[in-house]
Number of protein chains: 2
Amino acid sequence: MSRTPPHPTREQIELPLVLDCLSDPIRLAIVYQLAQQERVSSELCCGDFNGLSGKSNLTYHFAKLRECGVMQTRVAGTNRFMRLRREDLDTRFPGLLDAVLSSAAKDADRLQLLSECEVVEAD
Amino acid sequence: MSRTPPHPTREQIELPLVLDCLSDPIRLAIVYQLAQQERVSSELCCGDFNGLSGKSNLTYHFAKLRECGVMQTRVAGTNRFMRLRREDLDTRFPGLLDAVLSSAAKDADRLQLLSECEVVEAD
DNA sequence: TCAATAGTTCAATAAACGTTGAACATAGGG
DNA sequence: CCCTATGTTCAACGTTTATTGAACTATTGA
């Protein structure tokens with residue numbers, strides 16, 4: 001569990017890797033929920049995504065999103081808090097993240113962007 | 001060779017599939033070159049991309065781009081002419097294609113967006 | 001101190017992916 | 001009519017991918 005895992009610098013963020021990251025439905029849902037959260041506290045932890053898949057599968061997707069620079073992970077006790085690297089992405093690829101997010105929002109029903117608990121509990 | 005191959009309708013174009021298509025460096029280069037061409041005659045044929053990879057590999061990538069709705073293929077004699085489905089993409093995912101293209105343009109050197117002949121001959 | 005909670009690691013698996021080359025199909029020009 | 005140019009099809013291949021479950025580590029609260 002130890003320390004905060006490695007992240008690429010802003011300049012190291014690569015377009016094909018980011019697009020590939022966002023092309024997976026589970027990862028797109030994670031990013032979408034992180035973007036929703038931006039308006040509030042900006043951070044979510046792993047457990048908040050349990051509706052999307054099993055824990056170890058989520059760990060796998062979190063790693064991909066982190067390694068290609070889409071999100072930032074912060075370790076706090078037994079939790080990992082994550083947020084979008086919005087500023088880095090917007091600098092590197094202006095308009096891309098917003099275009100993806102609003103396209104995803106249009107298709108929110110097709111893509112299953114909300115984890116079950118959110119759909120059911122709607123809190 | 002026969003007839004023009006199947007294309008998805010506008011509504012059938014799916015965001016994750018498009019992102020996945022664009023995440024491959026060769027396909028991104030194809031799309032980039034098609035976008036350059038938009039200002040001129042809007043169409044290019046297979047042979048125009050021979051610098052990017054072997055012919056049969058290109059056929060594979062062309063099929064992916066066509067099947068997920070990124071480009072349109074028109075058969076004319078022994079040639080296949082392709083163009084971006086710009087209007088369909090812009091309707092379905094506003095701003096996405098332009099954001100990808102301008103991001104790609106920024107990194108044009110990193111990503112190898114131009115086929116060798118173009119780099120060498122620069123015509 | 002002990003148990004519960006949060007998340008990771010690892011190995012296994014099945015499917016999809018990108019790339020290659022050889023063989024094939026088709027159309028057009030001499 | 002044949003030859004060439006254009007592009008496809010197919011099988012083979014090695015790689016990467018997403019997913020699973022079981023075992024593990026670390027932190028917190030009682």
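Sequence lines set the chain letters: A, B, ... in the order given, protein chains first and strands last, and positions in each chain run from 1.
At the phosphate of dT19(D), OP1 or OP2 sits under 4.0 Å from a side-chain N or O atom of His61(A). Put simply, Arg80(A) has no side-chain N or O that comes within less than 4.0 Å of OP1 or OP2 on dA6(C). Taking side-chain N and O atoms only, Asn79(B) has no distance below 4.0 Å to OP1 or OP2 of dA27(C).
Taking OG1 from Thr9(A) and CD from Gln12(A), the interatomic distance works out to 3.5 Å, rounded to the nearest 0.5 Å. Rounded to the nearest 0.5 angstrom, Leu84(A) CG and Met71(A) CE are separated by 9.0 Å. Atom CG of Leu58(A) is separated from atom CD1 of Ile26(A) by 7.0 Å, given to the nearest 0.5 angstrom.
Taking atom CG on Leu19(A) and atom P on dC17(C), their separation rounds to 16 Å, with Å as the unit. The CE-P distance, from Met82(B) to dG7(D), rounds to 8 Å in whole Å. Taking atom CG of Leu52(B) as the reference point, atom C1' of dT19(C) lies 14 Å away to the nearest angstrom. Rounded to a whole Å, the CG atom of Leu22(B) is 16 Å from the C1' atom of dC17(C). Atom CG in Leu44(A) sits roughly 15 Å away from atom C1' in dA6(C) (whole-Å rounding). Atom CD of Glu67(B) is separated from atom C1' of dG18(C) by 15 Å (rounded to the nearest Å). Per the geometry, CG belonging to Leu28(B) stands 16 Å off C1' belonging to dG18(C), to the nearest Å. When the C1' atom of dA6(C) is taken as reference, atom CG of Asp48(A) falls 12 Å away, rounded to whole Å.
With respect to the salt-bridge test (charged N to carboxylate O, under 4.0 angstrom), the residues Asp88(B) and Arg92(B) do not qualify. Contact check on Lys64(B) versus Asp24(B) returns no salt bridge, with no Lys/Arg side-chain nitrogen under 4.0 Å from an Asp/Glu carboxylate oxygen. A salt bridge does not link Arg85(A) with Asp90(A): none of the charged nitrogens is closer than 4.0 Å to a carboxylate oxygen.
Ranking dA18(D), dC17(C), dG7(D) by closeness to the Asp24(A) side chain, first place goes to dA18(D). Across dT8(D), dT19(D), dT19(C), the shortest atom-to-atom separation from the side chain of Tyr60(B) is found for dT19(C). Side-chain atoms of Cys45(B) lie closest to dG7(D) of the nucleotides dT5(C), dG7(D), dG18(C).
Under the 4.5 Å side-chain heavy-atom criterion for ILVMFWY residues, a single connected hydrophobic cluster contains both Leu111(B) and Val18(B).
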Per-nt protein contacts along nucleotides 11-16 of chain C (heavy atom under 4.0 Å; B base, S backbone sugar-phosphate only, - none) come out as ------
Would you tabulate the pairs of protein nitrogen or oxygen atoms and nucleotide nitrogen or oxygen atoms of nucleotides 20-24 of chain C closer than 3.5 angstrom?
from	atom 1	to	atom 2	distance (Å)
dG21(C)	N7	Ser56(B)	OG	3.4
dG21(C)	O6	Ser56(B)	OG	3.0

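Glu67(A) is linked by a side chain to side chain contact (heavy atoms under 4.5 Å, CB included) to Ala63(A), counting only residues two or more places apart in sequence or in another chain.
Using a 4.5 Å heavy-atom cutoff, the side chains of Leu28(B) and Pro25(B) are not in contact.
Each of Thr59(A) and Ile26(B) lies near DNA chain C, and the nucleotide nearest Thr59(A) is the one positioned closer to the 5' end.
Applying side-chain contact (heavy atoms from CB on, under 4.5 Å) to Glu43(B) and the options Glu38(B), Met82(B), Arg80(B), Arg74(B) leaves one that passes, Arg74(B).
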